[in-house]
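Working notes for the structure below.
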Amino acid sequence: MSAADQARGSSDEEAIGRVLDGDTEAFSILVRRHGARVTRLGMSFFRDEEEAADFTQDVFVKAYTALASFKGRSLFSTWLLRIAYNTAINTKKRKREQYSLDPEIEIVGEPGTDEAHLREETARAVRGAMAELPPRQALCIELYFYYDLKYSEISEITGYPVNTIKSHVFRAKRILRERLGSIGEDRNEA
Amino acid sequence: MRHEAALRYLDELDARQGYGLALRLHLARCPSCAASARRVEAALVAFREDTRRADIRGAEAILADSRVEERVMAAVRLMPPPRQDFALRDWLFPAAVIALSMFFLPLFGQDIGFLEALFGSGYALSLSLVLGVGFTAYSALFVATHLLEVRSYLEKRGLMPR
């Protein structure tokens, strides 16, 4: 079986089991499967490709060391993102840098069309909601809207209480609903 | 369900959470709330598609350019394999049960009087011996399966025999 076949056919739990049984090479399945997510989070924090790559390496080495402590109570991806989040926060603290979010979102669709307008408004609403919050809390919104994570999973990753996350996401959705509502009204008037 | 309550419920929904029955009934009867729900849902799907397409493409390019997988695998090959957690608590509980049984079981002479009938008056000593052997075997098994931890414990306290 090729490495690609293995990556497709083996679940995270199977790959972890193999690593814990001494098959170190099986760890590459997890790196391949979850690397982009971790790098993406790294880019959110560092806005620098080289730093994001170093960060990804760091996160996976930490995950390998701590792999035996993964008990499967949450998804492996959630567990890995928690390591990534803590690593990013600690790296930022060490460098005494402020975490700033400046998501640049590529809008797809014909410019000027309803679809492009809708996408632009959504990106603007999410960005607006994130800009209102302190950067670390803004990440909760990113984790919800971008990663499609549940409140409990975000809480597990960031350590914020579920109700805090819920209220931030609620506000962001309210803003989005109001903006999209006004688009709908504009269309009806036209 | 009123409009305000329906919209509030929609905004409170967790990721990947389905609509409740009351909300579905309301949306079936209220075109304006249904349209609002559809708009937000469609907008979020589009937002995720846009950001993912751009970011995953970017992230994959970074991973490939920086050969992150190779670097990670080169690092982990040099590291000791991850070990299963040392769950001392799981081992201590049965050990405590055996140890306490050695002291307390013979005290319940009246309740286990049938043992006296079967094995004679010396059964209390026999029971302690059996449990003692059990405890020793259990301790030996614990040491055998946690050699590294026992060694590190002894080394830290300078008790490791040379």
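Small disclaimer: the values here were computed from a predicted structure and weren't measured. These numbers come from the heavy atoms of this one structure, side chains and all, not from hydrogens, waters or symmetry mates.
- With values rounded to the nearest 0.5 angstrom, B:Met73 atom CE is found 7.5 Å from A:Tyr64 atom OH.
- Heavy atoms of A:Glu153 lying under 4.5 Å from chain B belong exclusively to its side chain.
- If you measure heavy-atom distances from B:Ala75 to chain A, the contacts under 4.5 Å come from the side chain alone.
- Linking Ile, Leu, Val, Met, Phe, Trp and Tyr whenever their side-chain heavy atoms come within less than 4.5 Å leaves B:Leu23 and A:Phe170 in two separate clusters.
- Hydrophobic clustering (ILVMFWY, side-chain heavy atoms < 4.5 Å, transitive): A:Ile175 and A:Val169 are in distinct clusters.
- The OG atom of B:Ser66 lies 12.0 Å from the CD atom of A:Glu51; values are rounded to the nearest 0.5 Å.
- A:Lys166 touches chain B through its side chain: at least one heavy atom from C-beta onward sits under 4.5 Å away, while N, CA, C and O do not.
- There is no path of hydrophobic side-chain contacts, each under 4.5 Å, that joins A:Ile83 to A:Leu75.
- No chain of hydrophobic side-chain contacts below 4.5 Å, direct or via other Ile, Leu, Val, Met, Phe, Trp or Tyr residues, connects B:Leu10 to B:Leu25.
- With chain B as partner, the option from A:Tyr147, A:Phe27, A:Tyr144 having the largest number of non-hydrogen pairs under 4.5 angstrom is A:Tyr144.
- Side-chain atoms of A:Phe60 and B:Glu69, non-hydrogen and from C-beta on, never get closer than 4.5 Å to each other.
- Between the CD atom in B:Glu12 and the OG atom in A:Ser167 there is a gap of 10.5 Å [rounded to 0.5 Å].
- A donor-acceptor contact shorter than 3.5 Å links the side chain of A:Lys173 to the backbone of B:Leu13.
- Counting heavy-atom pairs closer than 4.5 Å to chain A, the top-ranked of the candidates B:Ala61, B:Ala43, B:Pro81 is B:Ala43.
- With a 4.5 Å cut-off on side-chain heavy atoms, A:Thr65 and B:Pro82 do not count as touching.
- Most heavy-atom pairs under 4.5 Å with chain A, from the set B:Asp14, B:Ile62, B:Val68, B:Val72: that is B:Asp14.
- Counting heavy atoms of neighbouring residues, nucleotides and ligands inside a 6.0 Å radius, atom CZ of B:Arg16 exceeds 12 of them.
- Looking at A:Phe70, neither its backbone nor its side chain comes within 4.5 Å of chain B, counting heavy atoms on both sides.
- Atoms CZ and CD, from A:Arg32 and B:Glu60 in turn, are 12.0 Å apart once rounded to the nearest 0.5 Å.
- Electrostatic pairing of B:Arg71 and A:Asp54 counts as a salt bridge here, judged by a charged N lying under 4.0 Å from a carboxylate O.
- Neither the backbone nor the side chain of B:Arg67 comes within less than 4.5 Å of any heavy atom of chain A.
- In this structure, A:Leu176 CG and B:Asp11 CG are separated by 8.5 Å, a value rounded to the nearest 0.5 Å.
- The candidate with the highest count of non-hydrogen atom pairs below 4.5 Å against chain B, out of A:Thr24, A:Asp58, A:Asp148, is A:Asp148.
- A:Glu25 CD: more than 12 foreign heavy atoms inside a 6.0 Å radius.
- Note that CD of A:Glu49 and CG of B:Leu63 are 10.5 Å apart. Values are rounded to the nearest 0.5 Å.
- Heavy-atom pairs under 4.5 Å with chain A peak, among B:Ala37, B:Ala35, B:Ser36, at B:Ser36.
- A:Tyr85 is not connected to A:Met43 by any chain of hydrophobic side-chain contacts under 4.5 Å among Ile, Leu, Val, Met, Phe, Trp and Tyr, and they are in different clusters.
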